[in-house]
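So the structure is just underneath, and the comments pick up after that.
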Amino acid sequence: MAKVELKAPIVEEISQAIDGAQSAVVVQYLGLTVEQDTALRKELREAGVTYKVYKNTMMKRAFEGTPYADLDEHLNGANALAVSKEDPIAPIRVLAKYAKQYDCFNMVGGIVEGKYADTAALASYADIPTREVLLGRLLGSIQSPITNFARVIKQIAEKDGEAAPAAEAAPEA
């Protein structure tokens, strides 16, 4: 069996992974201990992210003719690919946490919702709160005026309630 035939399934696997992906991030991982790498993989799995080490040549072949071809310039050295099909920021959030903790671990580039993002852009994406946090903030913003209005009405009712007995007592005297 020729080498090309052996490599074709791996290229196809990468192509399927990035097909319809919300984001894909290339990371340099060399220098992580087994424990650190295991913890990273577990956290990425829990976030719904696929993380796998591929040969750079395989990734280049899979990226040909796609928006992911912009990542070719980063494919040198020991790289891994983190792909998310659901939440575009999920892999970036987890990877940025590890990049801050370990100097040997770096996000080198990525494609987020079809657009190329360099290291600085990826770092800024990592600061975006989760969907749940944003929805909670939105709900709080919507509730705030209603809650404040209810407080004011209650205070007016309490104030009028105190004034009414005093006003009733005055005419009798």
Side-chain angles (χ1 to χ4, degrees), residues 1-139 141:
M1 189 177 271
K3 285 186 177 184
V4 174
E5 292 171 358
L6 294 172
K7 295 177 182 181
I10 298 168
V11 172
E12 182 61 30
E13 178 185 334
I14 298 168
S15 296
Q16 287 177 358
I18 62 173
D19 185 40
Q22 293 288 317
S23 65
V25 181
V26 175
V27 296
Q28 292 178 340
Y29 64 91
L30 205 58
L32 286 181
T33 66
V34 173
E35 290 176 23
Q36 293 164 347
D37 189 56
T38 303
L40 169 67
R41 288 173 186 268
K42 180 179 183 244
E43 204 167 326
L44 286 168
R45 208 173 17 258
E46 289 170 354
V49 177
T50 306
Y51 178 81
K52 195 163 182 184
V53 176
Y54 293 107
K55 288 191 171 194
N56 292 330
T57 55
M58 302 294 172
M59 286 193 276
K60 283 181 183 179
R61 286 188 184 149
F63 294 164
E64 284 176 4
T66 69
Y68 298 92
D70 292 339
L71 297 175
D72 285 354
E73 67 185 77
H74 301 295
L75 297 178
N76 46 10
N79 293 313
L81 183 66
V83 179
S84 176
K85 293 199 177 210
E86 298 164 10
D87 182 4
I89 306 300
I92 300 168
R93 222 177 267 116
V94 175
L95 296 171
K97 179 179 132 184
Y98 279 82
K100 287 178 186 174
Q101 286 179 350
Y102 308 109
D103 292 335
C104 60
F105 186 82
N106 298 309
M107 294 186 292
V108 292
I111 301 293
V112 180
E113 294 182 335
K115 295 183 181 171
Y116 173 77
D118 61 0
T119 306
L122 291 173
S124 67
Y125 286 145
D127 296 333
I128 296 174
T130 64
R131 183 175 191 270
E132 291 77 22
V133 170
L134 291 174
L135 288 174
R137 288 181 185 173
L138 176 65
L139 183 60
S141 297

Ignoring hydrogens, what is the shortest heavy-atom contact between [X] and [Y]? Give both atom names and the distance.
X	Y	answer
Ala24	Tyr68	CB-CE2, 3.5 Å
Leu71	Gly110	CD2-N, 3.4 Å
Ala21	Ala17	CB-O, 3.8 Å
Val11	Met58	CG2-SD, 3.8 Å

Donor-acceptor check, side chain of [X] to backbone of [Y], threshold 3.5 angstrom: yes or no?
X	Y	answer
Lys85	Asp19	yes
Ser23	Pro88	yes
Arg93	Ala47	no

How about [X] and [Y]: do any of their side-chain heavy atoms sit closer than 4.5 Å?
X	Y	result
Ile18	Phe63	yes
Ile14	Leu81	yes
Glu13	Tyr54	yes
Lys100	Phe105	no
Ile111	Thr66	no

field: Donor on one side chain, acceptor on other, Tyr98 and Gln36, under 3.5 Å
entry: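 No, no side-chain donor-acceptor pair sits under 3.5 Å.
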message: We want to know whether Asn79 and Asn56 form a side-chain donor-acceptor pair, criterion being a heavy-atom distance below 3.5 angstrom.
response: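 Per modelled atom types, Asn79 and Asn56 side chains form a pair under 3.5 Å.
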message: According to salt bridge (Lys or Arg N to Asp or Glu O under 4.0 Å), who are the partners of Asp72, at least two apart in sequence or on a separate chain?
response: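 Expected list: none.
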- prompt: Name the one of Val25, Asp37, Val94 that satisfies side-chain contact (heavy atoms from CB on, under 4.5 Å) with Tyr51?
  reply: Asp37
From [X] atom [atom1] to [Y] atom [atom2], the distance as rounded to the nearest 0.5 Å:
X	Y	atom1	atom2	answer
Arg61	Lys55	CZ	NZ	10.5 Å
Ile10	Ser15	CD1	OG	12.0 Å
Ile92	Ile128	CD1	CD1	8.0 Å
Leu139	Ser141	CG	OG	8.5 Å

- prompt: Yes or no on side chain to side chain contact (heavy atoms under 4.5 Å, CB included) for Glu86 and Gln22, after CA distance, side-chain angles and deciding distance?
  reply: CA-CA 6 Å; Glu86 298 164 10; Gln22 293 288 317; 5.8 Å; no
query: In terms of heavy-atom contacts, does CD of Glu46 have more than 12 from other residues, nucleotides or ligands at under 6.0 Å?
result: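 Yes, enclosed.
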query: In terms of heavy-atom contacts, does CG of Asp127 have more than 12 from other residues, nucleotides or ligands at under 6.0 Å?
result: yes
Pair Lys60 + Glu64, salt bridge at N-O below 4.0 Å: no
- prompt: Can Asn106 and Thr119 be said to form a side chain to side chain contact (heavy atoms under 4.5 Å, CB included), step by step?
  reply: CA-CA 8 Å; Asn106 298 309; Thr119 306; over 6 Å; no
- request: Applying side chain to side chain contact (heavy atoms under 4.5 Å, CB included), name anything that partners Gln16, two or more places apart in sequence or on another chain.
  value: Glu12
field: Gln28/Met107 under side chain to side chain contact (heavy atoms under 4.5 Å, CB included): CA gap, chis, key distance, verdict
entry: CA-CA 6 Å; Gln28 292 178 340; Met107 294 186 292; over 6 Å; no
field: Test log, rule side chain to side chain contact (heavy atoms under 4.5 Å, CB included), inputs Leu32 and Leu40
entry: CA-CA 10 Å; Leu32 286 181; Leu40 169 67; 4.2 Å; yes
